[in-house]
Amino acid sequence: DAVLSRISLCPHKAGMDSVNKNKTDEVIRSMSEGSRFYDNERRKAAQTAQRVQVMKSRAAVLSTGALQQAEAMASAFERQLETERDLSRVIVHCDADAFYAAVELRDQPHLRGKPIGIGGIGMLSTASYEARKFGVRSAMPGYIALRLCPELILVKPRFHAYEAASRQLQAVMAQYDPNFRSVSLDEAYLDITDYMARLTPGDVAQLPPLTTVADPPLVQEANSADSKPGMATDSAGARNLTTLEGRALAARVVHQMRTRMHETTQLTVSAGIACNRMLAKIGSDQNKPDGQFCLPADRAAILAFLANMPTRKIPGIGKVTEQILRELDITNCQALLQQRALLKLLFTPISFDFFMRSALGIASNNTRKRSERKSIGHETTFRELNQVPDLEDKCLHLCHKTALDMERKALLGRSVCLKLKTVDFKVKQRSVLLPAHTADEPVIKRAALGLLHREL
DNA sequence: TACATACAC
DNA sequence: TATGGTGTATGTA
């Protein structure tokens, strides 16, 4: 049953209310059990359980003195982090709703109202909201999805259409922040601080009223403030964007942006508004689909927002870390803070730092594009192959595609990494460092074949 | 440096 | 019958 936490539906995802989780998990389990995939998941679950055991036995022998010392260090660290807290920027996370599926429903009207999954028998990349009611999810094999929802219609992905729609969404976002950071076809971060500072009273008058913005009470309280004449400004006459009314204005700006995105693409986008990327990202999930959420630029409001937030909602905490924390009775951010001494002693400094920042809502607000890529490659899954020449062919083909991409993008690399997956889903990686940077196809091929033959 | 694991989309 | 592909970060030896 430790394996269940790996294969079952994540209960924190939006739209779970109408799903019969027990029934769905039972279907997933019964369809998976006995497969080589399931066996491998069991192996990995046992490994995690072992990790947890080691942690628990370390925790059991901690002296009160050690815990007190750790508590003091954690407390000092928290004070240090508070000095880094920056409430000054207005960060927006935009996330298109069920993006691939929404594009298909837009372009194929006969599919509307029906549950659809984008992908094939082997794997789905997106499920429409209709399909999600049945427990169908992205990253779920199509044949399991069909068992959960026999009416499900599988739709082959049309990436060119998604790319075109993505470009249209990005064109709207660029009006608000030309330096926005896109993270995928359907997600991006914006910093609209400067845009808001430039708004003239005329611009503000054009914005939709706050009353049309579906936001939580925290910001709706700003409604009354908003109706007061004028807005707080500093001595230079600049808007103070960290006040509730400043955030109410942000909510109106984002609502306008979402409306424009919908007008140009007929797609809906959800958004989160906060003072950093992490909080904005959590926010964009709060009122999905076609909703937005604005978190005040205020320490107390941030801590209150996070207190009961499940750890799994924190970007960077996946099913494994969630499980490990749960075994330590830590399921939300409040518990992360309360158990900080234990976390300090059981986890690495990097993990401890990450947990504390997450629980306090202190994170990066940098939305500029990330500098440069660190790797490039191709992989593909194929049916069981035993013949050496067949494996060599696969390897050479992947090298060819990679070398082509490298040439197209004018990139060089110095390390060649071969990834192998066995029929029982075990993954091996073998790598070699070349004497010099290269994009030369024969050089890459020789290196890859060398790694392959080491394993045969 | 080499390899494994976790995570995101 | 049947569980993906691309890329980043981190831990450990």
Side-chain angles (χ1 to χ4, degrees), chain A residues 3 6-7 10 13 28-29 31-41 43-45 47-48 50-51 54 93 95-96 98-100 117-126 137-147 154 157 159 162 166 182-189 277-278 281 284-285 311-325 347-354 358 370-384 398 401-402 405 409 411 413-421 423-434 451 454-455:
Chain A
V3 71
R6 302 184 64 93
I7 64 168
C10 172
K13 281 289 176 189
I28 295 173
R29 192 195 55 75
M31 296 224 41
S32 303
E33 220 166 30
S35 69
R36 292 201 265 213
F37 176 81
Y38 188 84
D39 288 347
N40 190 54
E41 288 301 298
R43 182 183 64 79
K44 290 198 278 188
Q47 232 169 263
T48 304
Q50 172 64 25
R51 246 178 96 182
V54 170
H93 181 250
D95 191 339
F99 183 56
Y100 296 178
I118 310 304
I121 284 293
M123 186 58 59
L124 299 183
S125 59
T126 317
R137 290 292 184 279
S138 58
M140 179 180 275
Y143 64 93
I144 291 183
L146 278 169
R147 186 64 69 90
L154 295 183
F159 287 104
Y162 313 148
S166 181
S182 74
V183 309
S184 63
L185 288 182
D186 67 330
E187 270 187 48
Y189 292 95
R277 288 206 314 258
M278 180 198 70
K281 172 140 176 82
S284 69
D285 198 48
T311 55
R312 186 68 167 82
K313 290 264 190 185
I314 297 169
I317 295 187
K319 35 184 66 171
V320 174
T321 309
E322 177 194 32
Q323 168 76 12
I324 291 171
L325 290 173
F347 289 86
T348 64
I350 290 176
S351 292
F352 174 71
D353 178 284
F354 168 69
S358 303
R370 292 164 30 146
S371 49
E372 71 204 287
R373 73 156 70 214
K374 300 186 173 177
S375 70
I376 187 167
H378 286 280
E379 62 183 79
T380 182
T381 301
F382 43 84
R383 286 206 323 284
E384 182 164 358
L398 294 172
K401 293 214 290 184
T402 303
D405 282 355
K409 299 183 197 321
L411 294 170
R414 200 156 76 99
S415 174
V416 174
C417 179
L418 178 76
K419 177 173 165 179
L420 296 157
K421 184 155 72 179
V423 286
D424 43 8
F425 290 91
K426 287 190 179 121
V427 173
K428 288 184 195 181
Q429 285 201 102
R430 298 291 176 259
S431 64
V432 62
L433 192 63
L434 302 176
L451 293 167
R454 259 169 53 187
E455 301 303 315

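In this text the structure is predicted, and so the values were computed from the model without any measurement. Every chain is numbered from 1 and lettered A, B, ... according to where its sequence line falls, protein lines coming before strand lines.
Residue A:L433 places its side chain closer to B:dT1 than to any other of C:dG4, B:dA4, B:dT1. The side chain of A:R373 approaches C:dT8 more closely than any other nucleotide in the set B:dC3, C:dT8, C:dT10. Closest to the side chain of A:Y143, from the set C:dT8, C:dT3, B:dC9, is C:dT3. Checking C:dT8, B:dA4, C:dT3 against the side-chain heavy atoms of A:P141 singles out C:dT3 as nearest. Comparing B:dA6, C:dT3, C:dG4 by their closest approach to the side chain of A:T381 singles out C:dG4. With distances taken from any side-chain atom of A:T348 to the nucleotides C:dG11, C:dG4, B:dT5, the minimum falls on C:dG11. In this structure, the nucleotide among C:dG4, B:dA8, B:dA2 sitting nearest to the side chain of A:R312 is B:dA8. Comparing atom distances between the A:S431 side chain and each of C:dG5, C:dG11, B:dC3 picks out B:dC3 as nearest. In the set B:dT1, C:dG4, C:dA2, C:dA2 carries the atom at the smallest distance from any side-chain atom of A:I121. Across C:dT8, C:dT6, C:dG4, the shortest atom-to-atom separation from the side chain of A:R370 is found for C:dT8.
Note that CG of A:L451 and CD of A:Q429 are 11.0 Å apart. Values are rounded to the nearest 0.5 Å. Taking CZ of A:F354 as the start and CD1 of A:I314 as the end, the distance is 6.0 Å to the nearest 0.5 Å. To the nearest 0.5 Å, atoms CE (A:M140) and CG (A:L146) are separated by 11.0 Å. Atom-to-atom distance recorded for A:R29:CZ and A:I144:CD1 is 12.0 Å, nearest 0.5 angstrom. Here A:D39 contributes atom CG and A:S32 contributes atom OG; the two are 10.5 Å apart, rounded to the nearest 0.5 Å.
Counting any heavy atom pair closer than 4.0 Å across all strands shown, A:K44 reaches no nucleic acid atom. Across all strands shown, A:L185 has no heavy atoms under 4.0 Å from either base or sugar-phosphate atoms. Within the 4.0 angstrom heavy-atom criterion, only backbone atoms of the sugar-phosphate kind lie near A:T380; the bases stay farther away. In this structure, A:G119 reaches neither bases nor backbone, as no heavy-atom distance under 4.0 Å exists between it and the strands shown. Among the heavy atoms of the strands, none lies under 4.0 Å from A:R277. The residue A:E41 sits apart from the nucleic acid: no heavy atom pair falls under 4.0 Å. Within 4.0 Å (heavy atoms only), A:K426 reaches no atom of the nucleic acid at all. Using a 4.0 Å heavy-atom criterion, one finds that A:I7 contacts no nucleic acid atom at all.
For C:dT3, the base has a donor-acceptor partner in the side chain of A:S32 [N/O atoms by modelled type, under 3.5 angstrom].
For A:Q429 and B:dA2, the shortest distance from a side-chain N or O to OP1 or OP2 is not below 4.0 Å. Note on A:K421: every side-chain N or O is 4.0 Å or more away from OP1 and OP2 of B:dA4. Here A:T321 does not reach the OP1 or OP2 of B:dA6: none of its side-chain N or O atoms lies under 4.0 Å away. Close to C:dT1, at under 4.0 Å from its OP1 or OP2, lies no side-chain N or O of A:R383. In this model, the phosphate group of C:dG5 is not approached by any side-chain N or O of A:H378 to a distance below 4.0 Å at OP1 or OP2. Contact check, A:S375 against C:dT8: a side-chain N or O comes under 4.0 Å of OP1 or OP2. A close approach under 4.0 Å does occur between a side-chain nitrogen or oxygen of A:R430 and OP1 or OP2 of B:dA4.
Taking atom CZ on A:R36 and atom P on C:dG4, their separation rounds to 13 Å, with Å as the unit. Taking atom CD1 of A:I324 as the reference point, atom P of B:dA6 lies 7 Å away to the nearest angstrom. One atom, OH of A:Y189, and another, P of B:dC9, lie 7 Å apart when rounded to the nearest Å. A:D424 has its CG atom 14 Å from the C1' atom of C:dT3, to the nearest Å. Residue A:E372 contributes atom CD, which lies 14 Å from atom P of C:dG7 at whole-angstrom precision. Distance, A:F159 CZ to C:dG5 P: 11 Å, rounded to whole Å. Counting to the nearest Å, the P atom of C:dA2 and the CZ atom of A:F382 are 16 Å from each other. At whole-Å resolution of the value, CG in A:N40 and P in B:dA6 are 11 Å apart.
Minimum interatomic distance between A:T311 and A:E322 (heavy atoms only, all atoms of both residues): OG1-CG, 4.0 Å. Taking every heavy atom of both residues into account, A:S182 and A:A188 meet most closely at CA-CB, 3.9 Å.
Counting non-hydrogen atoms of neighbouring residues, nucleotides and ligands closer than 6.0 angstrom, the CZ atom of A:R6 exceeds 12 such neighbours.
In terms of position along DNA chain B, the nucleotide closest to A:R51 lies nearer the 5' end than the nucleotide closest to the other residue of the pair A:R51 and A:H93. Of the residues near DNA chain C, A:K401 and A:K374, the one whose nearest nucleotide (by heavy atom distance) lies more toward the 5' end is A:K401. Along DNA chain C, the nucleotide nearest A:I376 and the nucleotide nearest A:S351 are compared for position; the residue whose nucleotide lies closer to the 5' end is A:I376. Each of A:V183 and A:R414 was assigned the nucleotide of DNA chain B with the nearest heavy atom; the assignment lying further toward the 5' end belongs to A:R414.
Nucleotide C:dT10 is matched to B:dA4 when pairs are restricted to Watson-Crick or G-U wobble geometry with both distances under 3.5 angstrom. Under the Watson-Crick or G-U wobble criterion, with both distances below 3.5 Å, C:dA2 has no partner in any strand shown.
With both ends at atom P, the span from B:dA8 to C:dT3 equals 23 Å, rounded to whole Å.
Here A:F37 and A:F425 bring their ring centres to under 6.0 angstrom of each other.
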